[in-house]
Amino acid sequence: MREKTLFVCELCKTEYASLDEANRCEKHHSPPVKVKAGRYIALNNDGCRAPLEVIVVTKDGNEYIYRRTRR
């Protein structure tokens with residue numbers, strides 16, 4: 001029987017045969033470090049507690065808007 005070693009990116013969970021590839025994948029990602037703002041809809045118009053959209057700031061300083069897709 002052979003033993004098989006895999007390395008897993010902690011952020012996207014992709015498996016790699018080499019440690020270098022897994023490290024490159026982890027460095028490629030820019031995880032969010034904070035939520036800058038959220039936008040909500042009034043209770044009478046929505047009824048959902050979740051924000052309609054949020055702005056997140058990543059480690060490299062970029063900002064991204066994520067929008068809710070359903071109620």
Side-chain angles (χ1 to χ4, degrees):
M1 181 181 303
R2 295 184 305 161
E3 184 177 312
K4 184 176 181 181
T5 302
L6 294 174
F7 301 91
V8 180
C9 173
E10 291 291 327
L11 297 167
C12 70
K13 309 304 183 218
T14 303
E15 297 177 346
Y16 293 95
S18 78
L19 178 61
D20 288 338
E21 286 179 299
N23 281 330
R24 275 187 37 230
C25 187
E26 284 188 0
K27 290 177 183 173
H28 169 76
H29 300 295
S30 186
V33 291
K34 72 174 184 174
V35 175
K36 183 175 179 181
R39 189 167 68 98
Y40 293 84
I41 297 176
L43 174 64
N44 296 340
N45 298 329
D46 189 14
C48 182
R49 294 180 179 194
L52 180 63
E53 65 185 28
V54 294
I55 300 172
V56 297
V57 181
T58 58
K59 187 169 75 172
D60 57 8
N62 290 323
E63 294 182 1
Y64 297 94
I65 298 173
Y66 289 87
R67 290 189 176 89
R68 187 176 76 201
T69 58
R70 63 184 179 138
R71 273 177 94 172

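Heavy atoms only, all atoms of each residue included: His29 and Cys25 are closest at CD2-O, 3.0 Å. Between Arg68 and Ala50, the shortest heavy-atom contact is NH1-O, 2.9 Å. Closest of all the heavy-atom pairs between Val57 and Lys36 is CG2-CB, 4.0 Å. When all heavy atoms are compared, the tightest approach of Cys9 to Tyr16 is CB-CE1, 4.4 Å.
Scored by the side chain to side chain contact (heavy atoms under 4.5 Å, CB included) test, Phe7 finds Thr5, Leu19, Ala22 as partners (sequence neighbours excluded). With sequence neighbours left out, the side chain to side chain contact (heavy atoms under 4.5 Å, CB included) criterion links Thr58 to Ser30, Asp60, Asn62, Tyr64. Residues satisfying the side chain to side chain contact (heavy atoms under 4.5 Å, CB included) criterion with Val35, sequence neighbours excluded, are Val54, Val56.
A distance-only check finds no donor-acceptor pair linking the side chain of Glu10 to the backbone of Glu26 [under 3.5 Å].
In this structure, the separation between CD on Glu21 and CZ on Arg24 is 6.5 Å, given to the nearest 0.5 Å. A distance of 13.0 Å separates CG in Leu11 from NZ in Lys27, rounded to the nearest 0.5 Å.
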